[in-house]
Amino acid sequence: MLGWFDANLVSILNGLAIGALLFVLAVGLSIVFGMMDVLNLAHGAFFLVGSYLAVTFVAGDSWGGFLTALGVAALVGLLAGGALSGMTEPLARRPILDQALLTLGISLVVAEVLSIVYGNDVRSVPPPPGLDGSVDVAGSAYPAYRLLIIGIGLVLALVVWLVVEKTSVGALVRASVADREMVSAMGIDNRKVKVAVLGLGSMLATVAGVLAAPVYGARPGLDETILLLALVVVVIGGLGSIRGALIGALVIGQVESLGRALLPELASFILFGTLALVLIVRPRGLFAGKVAHS
């Protein structure tokens with residue numbers, strides 16, 4: 001067993017890094033869909049926007065450019081979430097398919113605009129200075145930047161959980177999910193809560209795109225791939241569950257990494273087989289949270 005672990009340590013660490021990135025992306029999707037009842041299929045496009053912002057601002061080895069890309073991505077994500085809230089509000093009482101078609105259309109438009117502006121070539125982004133090398137982990141060389149990604153994912157999981165579960169803002173969001181009419185009767189505008197949650201979710205997507213750029217680069221089609229993985233994470237973890245998003249992301253990260261390393265020809269079957277197995281055992285996901293009611 002120890003021999004197998006040593007032989008696959010790099011793949012296991014890659015799985016943790018992929019899982020951390022997927023969590024940053026999927027937790028926003030899970031909260032928005034599970035708590036606010038908005039199916040945002042433009043989430044992957046927002047991720048791709050973040051990746052191309054990294055391409056724009058990170059020129060050479062520069063912490064300034066990388067931090068600028070993160071700041072601009074956060075602002076763009078907040079604005080995109082606010083705009084998305086306004087566009088989906090008229091569809092709040094209509095079938096979820098209407099929202100899906102709207103956000104899918106937004107995704108296609110955003111992806112096409114990015115393709116026109118940046119072209120169809122794969123664009124690479126260097127890690128920040130000091131993180132472009134490797135460190136020794138149990139005798140194996142591993143990229144320092146990917147270790148940072150793992151740490152960021154774990155810290156963000158703790159921060160999001162604390163905000164949602166232990167603060168007055170989180171209590172307001174949970175109350176809006178449980179009984180919107182009662183919250184509205186107390187003089188609180190539910191639309192503002194929805195704008196804030198969508199803004200936060202979209203911001204996490206664009207920030208995840210910047211963080212992932214040194215790993216995945218930026219290219220057309222990446223938005224579709226990453227959205228599919230995020231949806232799998234959300235379904236496995238359970239809608240509206242932060243813990244579920246974290247566990248689901250870590251599971252899918254390992255399935256992706258180890259599956260492609262050990263059984264590359266069966267990687268896709270293993271991924272969706274894991275999804276099917278979880279749905280058979282737990283149809284609502286491993287840690288399904290409370291879901292908003294229209």
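Between Leu279 and Arg284, every side-chain heavy-atom pair lies at or beyond the 4.5 Å cut-off. Looking at Leu114 and Pro220, their side chains never come closer than 4.5 Å, going by heavy atoms from C-beta outward. Counting only heavy atoms from C-beta outward, the side chains of Leu227 and Phe46 never approach each other to under 4.5 Å. Counting heavy atoms from C-beta on, the side chains of Val58 and Pro126 come closer than 4.5 Å. Side-chain atoms of Val110 and Leu48, non-hydrogen and from C-beta on, never get closer than 4.5 Å to each other.
Between Ala69 and Leu53 the shortest heavy-atom distance is CB-O, 4.0 Å. In this structure, Ser140 and Val10 approach most closely via the heavy-atom pair CB-CG2, 4.2 Å. Heavy-atom minimum distance, Ser30 versus Gly238: OG-O, 3.6 Å. A pairwise comparison of heavy atoms in Leu222 and Ser51 identifies CD2-OG, 4.3 Å as the closest pair. Residues Ala245 and Phe23 share a closest heavy-atom pair of C-CD1, 3.7 Å. Nearest heavy atom pair, residue Gly86 against residue Pro90, reads O-CD, 3.3 Å.
Sorted by first then second residue, the ring-ring contact (aromatic ring centres under 6.0 Å, His included) pairs that include residues 88-119, not counting sequence neighbours, are Tyr52-Tyr118. Sorted by first and then second residue, the salt bridge (Lys or Arg N to Asp or Glu O under 4.0 Å) pairs involving residues 249-272 (not counting sequence neighbours) are Glu256-Arg260. The salt bridge (Lys or Arg N to Asp or Glu O under 4.0 Å) contacts involving residues 63-91 comprise Glu89-Lys194, where partners must be two or more places apart or lie in separate chains.
Distance alone, capped at 3.5 Å, places no donor-acceptor pair between the Trp161 side chain and the Arg243 backbone. Listed for the Thr103 side chain is no donor-acceptor partner under 3.5 Å among the backbone atoms of Asn40. Between the side chain of His43 and the backbone N or O of Leu25, at least one donor-acceptor pair lies under 3.5 Å. The closest donor-acceptor contact from the side chain of Thr88 to the backbone of Ser85 lies under 3.5 Å.
Both Ile106 and Val113 belong to a single network of hydrophobic side chains, linked directly or stepwise wherever heavy atoms of I, L, V, M, F, W or Y lie under 4.5 Å apart. Residues Leu29 and Leu101 do not share a hydrophobic cluster, defined by chaining ILVMFWY side chains whose heavy atoms lie under 4.5 Å apart. Hydrophobic clustering places Tyr145 together with Val137 (ILVMFWY residues linked when any side-chain heavy atoms are closer than 4.5 Å, directly or through intermediates). Both Val109 and Met87 belong to a single network of hydrophobic side chains, linked directly or stepwise wherever heavy atoms of I, L, V, M, F, W or Y lie under 4.5 Å apart. Clustering ILVMFWY residues whenever any of their side-chain heavy atoms sit less than 4.5 angstrom apart, transitively, puts Leu102 in a cluster other than the one holding Leu97.
For the residue pair Tyr142 and Asn14, a side-chain donor N or O sits within less than 3.5 Å of a side-chain acceptor on the partner.
For the atom pair Leu158 CG and Ile242 CD1, the distance stands at 10.5 Å (nearest 0.5 Å). Taken from CG in Leu147 to CG in Leu13, the straight-line distance is 6.5 Å, to the nearest 0.5 Å. In this structure, CG on Leu21 lies 5.0 Å from CD1 on Ile149, to the nearest 0.5 angstrom. Summarising the geometry, atom OG belonging to Ser134 is positioned 9.5 Å from atom CZ belonging to Arg146; distances are rounded to the nearest 0.5 Å. Note that the CG atom of Leu275 and the CD1 atom of Ile280 stand 9.5 Å from one another [nearest 0.5 Å]. Separation of atoms CG (Leu228) and OG (Ser268) is listed at 9.0 Å; rounding is to 0.5 Å.
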>> Assess the residue pair Leu41 and Ser107 against the criterion (side chain to side chain contact (heavy atoms under 4.5 Å, CB included)); give the C-alpha distance rounded to whole Å, side-chain angles, the decisive distance to 0.1 Å, and a yes or no.
In response: CA-CA 7 Å; Leu41 295 183; Ser107 175; 5.6 Å; no
> Could you go step by step and tell me if Asp223 and Phe47 meet the side chain to side chain contact (heavy atoms under 4.5 Å, CB included) rule?
Replying inline: CA-CA 7 Å; Asp223 53 328; Phe47 174 93; 6.0 Å; no
> Could you walk me through whether Ser115 and Asn120 pass the side-chain hydrogen bond (donor to acceptor under 3.5 Å, both in side chains) check?
Replying inline: CA-CA 6 Å; Ser115 180; Asn120 295 322; 2.4 Å; yes
> For Ile236 and Ile252, what are the C-alpha separation, side-chain angles and deciding distance, and is it a side chain to side chain contact (heavy atoms under 4.5 Å, CB included)?
Replying inline: CA-CA 9 Å; Ile236 287 177; Ile252 293 305; 3.5 Å; yes
> Where do Val278 and Leu286 land on the side chain to side chain contact (heavy atoms under 4.5 Å, CB included) test, with the steps shown first?
Replying inline: CA-CA 7 Å; Val278 171; Leu286 297 175; 4.0 Å; yes
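A side chain to side chain contact (heavy atoms under 4.5 Å, CB included) with Ile152 is found for one member of Leu154, Leu148, Ile150 and no other, namely Leu148. For the side chain to side chain contact (heavy atoms under 4.5 Å, CB included) with Val255, the qualifying choice from Ile18, Ile270, Leu250 is Ile270, the only one to do so.
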Could you pull out all donor-acceptor pairs under 3.5 Å where a side-chain atom in residues 200-212 meets a protein atom, sequence neighbours excluded?
from: Ser202; atom 1: OG; to: Leu198; atom 2: O; distance (Å): 3.0
from: Thr206; atom 1: OG1; to: Ala73; atom 2: O; distance (Å): 2.7
from: Thr206; atom 1: OG1; to: Ser202; atom 2: O; distance (Å): 3.4
from: Thr206; atom 1: OG1; to: Met203; atom 2: O; distance (Å): 3.0

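Contacts of Asp121 classified as side chain to side chain donor-acceptor pair (under 3.5 Å), with partners at least two apart in sequence or in another chain: none. By the side chain to side chain donor-acceptor pair (under 3.5 Å) test, Tyr216 is found to be paired with no residue, residues two or more places apart in sequence or in another chain being considered.
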